[in-house]
Amino acid sequence: MIHLQGVTKQFAGKRQVTALERLDLHLARGEMVSIVGPSGSGKSTLLNLIGGLDRPTEGEIKIDGQALSTLSDDGLTRVRRDKIGFIFQFFNLLPTLSCLENVSLPLHLRGWPRKKIDERARELLDLVQLSGRLEHLPDELSGGERQRVAIARALSVFPPVLLADEPTGNLDTHTGAEILKLIHDLHDRLGATILIVTHDMVVAESCPRTIGIRDGRIVTDVRRGDARREMSRA
Amino acid sequence: MMLLRLISWPYARKHLLRWLLTMAGIVLGVGVFVGMHTANQSVLAAFRETIDKVAGTTQLQITAGEPGFGEEVLEKVQSLPEVRAAAPVIEATVSTGQGNLLILGVDMLGDRSLRTYDLEGTDEAIDDPLIFLAQADSLIVTRTFAEKNGLQVNSRVPMRTMQGDLIFTVRGIMKPGGLASAFGGDLAIMDIYAAQKFFGRGRRFDRVDLALLDGVTLADGSAKLRALLGSGYEVSPPSSRGEQFEQTSRIYSLASNITSIFALFIGMFIIYNTFAIAVTQRRSEIGILRALGATRSQIRTLFLTESAIAGSIGSGLGVLFGIVMAHAMASYIGNILTEVYGVAQRADGIQVDPVLIGGAWAMGIVTSLFAAVIPARAAAYVDPVKALQKGRNQALSEGESLLRRWAAVGCAAAAVIAVIFSHSTAIFYAGFVLGGVAAVLLAPSLTLWLSRFLRPLLAFLRPVEGTLAADSLIQSPRRTSGTVAALMLSLALVISLGGLARSSYDSLADWMRIALNPDLFVTTAQSVTSRTFVFPASLGDGLRAIPGVDEVQLVRSVRVPVKGGPVMLVALDIGSVERRAKLPAVEGDAATMYRRTERGEAVLASENFVRLHGGKLGEVLEIAAPSGVLKLPIAGIVRDFSDQQGSLLISRQAYIRFWNDDSVNVFRVYVKQGAQDSDVRQRILDTFGKQQRLFVLTNKDVRDYVTRLTDQWFGLTYVQIAVAVLVAILGIVNALTVSITDRRRELGVLQAVGGLRQQIRHTVWMEAAAIGFIGLVLGLLLGAVELYYAIEISRRDLVGIDIGYAYPFRTALALAPVILIAAFLAAVGPSESAVRGSLVEALEYE
Ligand SMILES: Nc1ncnc2c1ncn2[C@@H]1O[C@H](COP(=O)(O)OP(=O)(O)OP(=O)(O)O)[C@@H](O)[C@H]1O
Ligand SMILES: [Mg+2]
């Protein structure tokens with residue numbers, strides 16, 4: 001599903017930074033993987049590259065067999081549209097739009113008919129248990145509620161890949177746990193390939209596979225048995 | 001200073017483009033001001049220089065309006081013991097293939113004691129003035145003119161004069177400098193008696209130039225001369241002609257003043273806008289500074305210093321821009337003044353006046369300081385605690401907008417009251433200003449309301465892009481309202497000027513239909529207004545004898561001093577005019593006023609004469625004529641557009657009696673029914689065209705000419721439209737640049753969740769279109785009010801004619817696409833930069 005080969009990312013600036021160095025990675029369809037590592041190790045950079053928000057300096061990334069380097073900017077956007085959902089640490093909801101409108105956003109951008117958009121958006125907000133907050137603005141919600149809206153938005157097109165950069169980083173432990181549970185539920189129900197960047201070992205260990213990154217290289221790649229996973233979720 | 005370097009400079013560098021755009025506002029304002037005034041001053045200076053150079057050592061000039069006076073005046077003047085030297089002059093410009101040429105007719109014998117003729121080589125003919133005098137066909141030209149036309153000494157120059165074709169011979173070429181550089185060097189000297197024939201002046205002079213004996217004061221000399229000649233003559237130093245010119249071109253200066261003040265005013269809005277935006281954007285920075293111990297006055301000083309720096313750089317560039325513009329405009333203005341007022345000048349170079357430049361520069365700085373006062377104050381009062389909290393705070397505070405709305409309502413009410421009491425000039429203008437202020441104060445609220453109104457509409461067009469564009473406007477009224485206000489003001493000006501122009505054209509067309517109804521006009525030049533050459537009255541009989549001619553009216557128009565200024569006196573056969581082209585009476589008894597005027601007992605005054613020179617029905621006017629001061633009452637007031645400064649109609653018989661001048665400028669010819677205009681025209685040309693200088697213009701030629709003059713006059717409207725479009729583009733670029741910076745994260749999210757670049761562009765375009773649309777709506781509405789004022793101002797102080805209110809719907813319709821296209825153009829740059837930036841950074845952007 002997701003295939004990285006020899007991916008290097010360098011940032012040119014006053015001093016050149018190599019954020020990722022000849023990184024190889026393969027994720028199968030429906031896998032749920034967490035990425036951990038110290039600050040500045042290149043986790044966000046990796047996620048951005050996979051999501052097509054940025055391009056690698058060297059190497060190739062394939063999503064569903066499609067090489068991203070051959071695509072134009074709009075081509076990348078189309079891949080994002082059809083295959084990828086994003087969840088950010090700071091939610092990134094549009095402050096002027098209601099919950100319903102925020103969730104509808106990706107669907108509108110795809111030009112769906114209004115009626116279908118409305119149905120889908122309500123369905124998703126229902127899924128994240130926010131059906132009572134349809135017309136609220138993001139400012140009127142708590143952090144956890146906002147992240148749930150963001151998740152609903154990320155899932156609105158039922159993307160086969162979900163990328164989350166510290167989805168619980170800005171939430172308290174309890175709310176973080178709720179969000180984590182939601183993501184696991186969705187994984188079970190929708191079967192998407194999920195990649196979570198996190199500092200939180202509880203979050204990391206709840207995933208069947210955890211990849212450790214340091215200085216732009218993969219240093220550990222742990223797979224846990226299903227039993228372990230069931231245990232941590234209990 | 002430290003703050004400036006640490007805080008302002010990095011910000012300015014980061015928003016370099018915006019600062020440049022801001023300065024563009026000042027550049028525009030100062031530029032238009034400097035350009036217009038420098039061009040005006042250059043034309044005036046050129047005129048003064050020509051007067052000065054032609055004057056030589058002349059101390060006093062004796063004139064009696066345009067008709068001039070008989071030759072006997074010269075002998076009288078020369079007989080005065082205080083006069084050292086006196087010489088007659090005929091001075092006129094003629095158009096040649098190579099542009100205009102100033103012809104000076106002088107008496108070589110006497111003239112050399114007043115003027116120096118510095119000739120090239122030693123030509124005996126000129127060394128002996130008597131020889132030059134003896135040969136009436138002699139011509140002296142300048143080196144400049146000789147080179148332009150390939151002339152040498154003894155070259156023969158054929159000229160079409162009022163007495164048929166004459167061949168002049170170049171008998172001398174003047175060295176450059178002094179007299180020879182008058183009128184840009186396009187100067188020719190001929191004997192005064194040749195000039196009388198050339199221009200058809202009969203035995204008359206335009207003026208007598210004189211110098212007094214040493215020891216005689218100017219005051220003494222002029223008193224003696226006045227006593228000698230009587231009150232029909234003016235005795236004044238040459239420089240006073242410059243003042244007269246200034247007076248005649250007053251309207252033009254006033255109009256250009258209004259334009260440039262307006263440009264500056266708009267520039268002020270752009271600056272205000274930029275600073276208001278900067279303050280909101282830098283709130284957290286200001287908060288940190290305040291938290292670190294900066295005082296309010298330090299913050300205020302910081303912003304004011306920034307605006308002073310931006311203002312002085314912008315004004316400096318504006319001055320340069322203005323000088324460049326003046327180069328382009330000087331000849332344009334010069335042409336208008338020559339055509340409209342018939343004053344000869346030649347503005348080849350431009351005169352840069354350091355006082356004007358310094359003044360404009362200071363004005364630019366003051367304007368930009370003034371514009372920054374409110375934002376600087378807002379910055380000083382930023383609450384450090386709130387500013388450091390996360391999140392943007394751009395919404396207008398409720399109290400502020402309430403205060404503003406009440407102030408606006410107050411101003412509007414005062415403006416309405418002022419309209420009721422508008423017979424007082426001061427109250428009227430106060431109302432005009434208050435109305436504008438009310439509109440400006442209301443602009444932010446109106447912008448908000450209109451944006452809310454637009455939201456569903458835009459959302460319907462494009463659900464995501466439209467909603468976001470409208471929200472962007474609703475969220476940040478500060479960002480947009482300055483742009484909208486500037487746009488509104490400049491569009492209102494376009495509408496009011498456009499409406500004024502349209503109404504003027506309409507009433508002009510009415511007048512032309514009534515007054516300019518002869519089929520043919522026999523003139524001395526291509527233009528009907530030229531008064532350089534005159535016909536003898538006898539040509540009238542000749543014209544009447546042409547088969548097909550029904551009636552001929554003889555018209556003599558001259559400027560004479562009335563009420564302290566030169567006023568156009570039109571002498572014609574009043575009875576015939578009453579029958580053929582009766583002008584609509586504004587005041588007075590239409591039945592008797594023509595008869596009284598025809599008998600020479602009274603004059604008819606034009607509506608604009610009465611308004612501009614302050615006269616009324618029945619008032620006895622004093623008109624200076626060579627035979628003494630004429631006292632005639634105003635028998636009626638009629639609508640007449642013969643002259644912009646107003647005109648007086650007098651019977652031809654009375655004119656001939658008092659001025660002893662029976663010459664004619666224009667013959668108005670009515671063709672018999674059944675006869676073809678073109679046939680009659682050809683017959684006139686065949687009969688008289690060979691013998692003398694003569695043009696036959698058709699009715700259409702004349703109307704086209706008048707329309708063209710008016711077009712030139714309203715050429716300013718086009719400058720205004722250009723300014724409006726520039727303002728639109730500048731303001732919208734400015735607002736959008738800020739908008740996309742503010743919304744960088746939002747636009748990033750949009751792309752992250754699948755928005756294509758085209759969709760991002762759409763949202764920026766829609767925001768631009770919405771700003772343009774709101775500015776357009778408000779501008780067209782305000783324009784309706786401004787038009788009322790424009791028409792009133794023109795009636796009271798400019799043209800003196802009530803032209804009636806008619807909203808220029810066509811101009812308004814044409815403006816819509818222009819402004820929307822401008823908005824789109826303005827959006828191209830910002831929308832591209834919105835899709836160019838790094839997505840990752842945009843998402844991290846705080
Ligand atoms: N736009 C950029 N320009 C220059 N260097 C960058 C840029 N973005 C990231 N880097 C550098 O790349 C390296 C990896 O950054 P990245 O954001 O991927 O780290 P991270 O693992 O997500 O850290 P954190 O846990 O703090 O979020 C860092 O050294 C960072 O300084
Ligand atoms: Mg990170």
Side-chain angles (χ1 to χ4, degrees), chain A residues 9 11 19 44-49 51-55 72-98 101-114 117-118 137-139 150 152-157 159 163 165, chain B residues 389-395 448 451-452 455-456 458-477 739 742-763 767 832 834-846:
Chain A
K9 176 71 186 176
F11 291 104
S44 298
T45 307
L46 176 63
L47 219 58
N48 290 337
L49 290 178
L53 291 177
D54 210 350
R55 290 170 187 274
S72 67
D73 281 358
D74 279 344
L76 271 183
T77 304
R78 286 209 175 79
V79 169
R80 268 203 308 274
R81 261 186 180 192
D82 300 335
K83 307 222 160 102
I84 296 169
F86 274 102
I87 304 171
F88 305 95
Q89 181 179 352
F90 292 105
F91 325 131
N92 275 337
L93 297 175
L94 300 194
T96 60
L97 303 182
S98 68
E101 286 172 326
N102 260 296
V103 176
S104 312
L105 194 69
L107 305 172
H108 274 303
L109 288 170
R110 283 158 182 76
W112 282 28
R114 275 160 216 260
I117 291 177
D118 210 54
L137 292 179
D139 282 352
R153 185 180 68 187
L155 293 174
S156 59
V157 287
L163 303 176
D165 195 345
Chain B
Q389 283 166 356
K390 256 209 169 31
R392 296 175 290 174
N393 182 352
Q394 289 226 344
L448 199 58
S451 314
R452 291 219 178 98
R455 191 180 193 261
L458 293 178
F460 173 77
L461 288 175
R462 301 247 159 199
V464 177
E465 299 99 308
T467 312
L468 290 180
D471 283 344
S472 164
L473 295 181
I474 294 169
Q475 285 314 110
S476 324
S739 169
D742 280 355
R743 295 163 65 204
R744 223 179 133 193
R745 187 196 192 102
E746 182 176 312
L747 298 175
V749 172
L750 212 57
Q751 280 176 286
V753 302
L756 295 177
R757 286 191 298 178
Q758 197 55 28
Q759 293 175 310
I760 307 299
R761 286 190 193 109
H762 282 160
T763 177
E767 185 174 352
E832 282 317 297
V835 298
R836 279 290 136 69
S838 149
L839 264 182
V840 175
E841 276 173 30
L843 289 168
E844 283 169 355
Y845 192 77
E846 288 295 307

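Every chain is numbered from 1, with letters handed out A, B, ... down the list of sequences. Side chains are part of it too, since the values below use all heavy atoms of this structure and drop only hydrogens, waters and symmetry mates.
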Item to check | Nearest-0.5 Å distance that lies between atom CG in B:L473 and atom OG1 in A:T96 | outcome: 11.0 Å
Given that the side chain runs from C-beta out, which part of [X] has a heavy atom under 4.5 Å from chain B: side chain, backbone, both or neither?
X: A:E101; answer: side chain
X: A:L94; answer: side chain
X: A:N48; answer: side chain
X: A:D74; answer: both

Grab the two heavy atoms, one from [X] and one from [Y], that are nearest each other, plus how far apart they are.
X: B:A752; Y: A:F88; answer: CB-CZ, 4.1 Å
X: B:G754; Y: A:R81; answer: O-NE, 2.8 Å
X: A:L105; Y: B:V753; answer: CD2-CG2, 4.1 Å

Item to check | Contact leader toward chain A among B:Q758, B:Q759, B:Q751, B:E465, where contacts are heavy-atom pairs under 4.5 Å | outcome: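 So the answer, after comparing B:Q758, B:Q759, B:Q751, B:E465, is B:Q759.
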Next on the checklist: Quick check on the interface: out of B:L468, B:L839, B:T467, B:L756, who has the most heavy-atom pairs with chain A under 4.5 Å?
Outcome noted: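 So the answer, after comparing B:L468, B:L839, B:T467, B:L756, is B:L756.
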Checklist outcome for this item: Comparing A:Q89, A:R114, A:R80 against chain B, the one with the most heavy-atom pairs below 4.5 Å turns out to be A:R80
Checklist entry - Using non-hydrogen atoms only, which part of B:A459 is less than 4.5 Å away from chain A: side chain, backbone, both, or neither? => result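 Looking at B:A459, just its backbone touches chain A.
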